[in-house]
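Below is one structure, written out as structure tokens; the observations come after it.
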Amino acid sequence: MIEILKKTKIDFMGKRYYAFAISGILSLIGIIAIFQIARGTANLGIDFSGGTAIQIRFEKPFTLHEVRDTLESGGLKDFDLQDIPVEKKILIRVKKRGDSSSEPGPGSGSEKIISILSKRFSDQKLSVDSTTEIGPKVGVRLRKDAMWAILAATSGLLIYIAWRFQFRFSIGATIATLHDVLAVLGLFYIMNREINLIVVSALLAIAGYSLTDTVVVFDRIRENLKTRIKEPVEAVINQSINEVLSRTIITSFTTLLSAIALFFFGGEVIHDFSLAMIIGITTGTYSSIFVASPLIMIWKGKKGKGYLRK
């Protein structure tokens, strides 16, 4: 409906080696992040590391600075605070430290937090809205389940693309999808952002988005390869990407606007989710052009005839 670019002739395939270098670095960082997550040494949320999450309602207004100083002076470490000023609430997440094989007693973490805050804010009544206790063993189990979920989703994508196109197309799409997941994980690890179940849900959404964008490019490549059998594959792929470039930019830009809006106005709860989506949408658009498409050309040489389904 809207064509913002008119008949571009960008040589995308000519820049594939620069793109492979960038993608290699991002993927390597992502692989390192996975090993660190598996070892439990990354910045993991209480979903994966174990700990306590408690939401407390105050009777009077308070400041995060007061609560933070109170908890630190009470001996608590490695905790996150999220306030809801309108409702005079605060969400406190305290990660589990020490022996990962030990499970906390029921309510042990939340009771300590209430005790510390009650002494400091003795002039007002504190009420607990919700409490969640996650033991280290449960955190390890959730960490493994999250890894299996991502692996299962990626395998499903490979099977779908192999059925929808050809197996060689599925290899390119799967590698591009893995590249996007690794890129987000790696950048989160470098930025020391907390990795939790919300981030995992974002990774699964990114995998789906990346596949959708890749399928659009692949569909045009397949159509052109069938009608331009005698032309070099590199030229056909370049032309195919240029033909759908306007659509790709419009789709990515509008989706990115939504993610940016969530990041700035969606609140602290989905802050990490929206940040992961911003990174994932960007890398997903990049990978469909500079990762998935060049892999098709590399797989079968320079002639288009070998790409036709027999």
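Inter-residue side-chain proximity for Ile29 and Ile31 is flagged as unmet; no heavy-atom pair is nearer than 4.5 Å. Within the 4.5 Å cutoff, the side chain of Arg16 has heavy atoms near those of the Glu234 side chain. Side-chain contact between Val67 and Phe58 is present, with heavy atoms from C-beta onward closer than 4.5 Å.
Tracing side-chain contacts under 4.5 Å through hydrophobic residues (I, L, V, M, F, W, Y), one reaches Leu197 starting from Met147; they form part of the same cluster. Met191 is not connected to Tyr189 by any chain of hydrophobic side-chain contacts under 4.5 Å among Ile, Leu, Val, Met, Phe, Trp and Tyr, and they are in different clusters. Val199 and Phe35 fall within the same hydrophobic cluster, where Ile, Leu, Val, Met, Phe, Trp and Tyr residues are linked whenever their side-chain heavy atoms come under 4.5 Å apart, directly or through other members.
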Open item on the list: One pair to check against side-chain contact (heavy atoms from CB on, under 4.5 Å): Asp272 and Arg193. What are the steps and the verdict?
Closed with: CA-CA 8 Å; Asp272 288 336; Arg193 304 287 299 193; 2.8 Å; yes
Task: Residues Phe263, Ile270; criterion side-chain contact (heavy atoms from CB on, under 4.5 Å); working and verdict - done: CA-CA 7 Å; Phe263 180 79; Ile270 59 173; over 6 Å; no
- [ ] Could you walk me through whether Ile289 and Asp213 pass the side-chain contact (heavy atoms from CB on, under 4.5 Å) test, one step at a time?
- [x] CA-CA 9 Å; Ile289 296 174; Asp213 200 52; 5.8 Å; no
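Closest approach of Lys125 to Glu59, counting heavy atoms only: N-OE1, 3.0 Å.
Using a 4.0 Å cut-off between charged nitrogen and carboxylate oxygen, Asp145 and Arg141 count as a salt-bridge pair. Comment: Glu66 engages Arg120 in a salt bridge, judged by a side-chain N to carboxylate O separation of less than 4.0 angstrom.
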For residues 200-208, which side-chain N or O atoms pair as donor and acceptor with protein atoms under 3.5 Å away, sequence neighbours left out?
unit_1	atom_1	unit_2	atom_2	d
Ser201	OG	Ile198	O	2.5

Distance-only criterion, 3.5 Å: show the donor-acceptor pairs between side-chain atoms of residues 176-183 and protein atoms not counting sequence neighbours.
unit_1	atom_1	unit_2	atom_2	d
Thr177	OG1	Ala173	O	2.8
His179	NE2	Ser23	OG	3.3
Asp180	OD1	Ser287	OG	3.0
Asp180	OD2	Ser210	OG	2.4
Asp180	OD2	Ser287	OG	3.0

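Put simply, CD1 on Ile195 and CD on Gln36 are 10.0 Å apart, with the number rounded to the nearest 0.5 Å. Annotation: the span from Leu117 atom CG to Thr70 atom OG1 amounts to 6.5 Å, rounded to 0.5 Å. Rounding to the nearest 0.5 Å gives a distance of 5.5 Å between CD1 of Ile221 and CD1 of Ile241.
Separation of the Phe290 and Phe12 ring centroids falls under the 6.0 Å cut-off.
No more than 12 heavy atoms of other residues, nucleotides or ligands sit less than 6.0 Å from atom NZ of Lys119.
Checked by atom type and distance alone, the side chain of Asn238 pairs as donor or acceptor with a backbone atom of Met13 at under 3.5 Å.
Judged by distance alone, the side chains of Arg220 and Gln239 never bring a donor and an acceptor atom under 3.5 Å apart. If you check the side chains of Ser252 and Tyr209, you find a donor sitting under 3.5 Å from an acceptor. With hydrogens and angles left out, the side-chain atoms of Ser130 and Gln55 include no donor and acceptor closer than 3.5 Å. Asn224 and Glu243 are linked by a side-chain donor-acceptor pair at a separation below 3.5 angstrom, with hydrogens and angles left out of the test.
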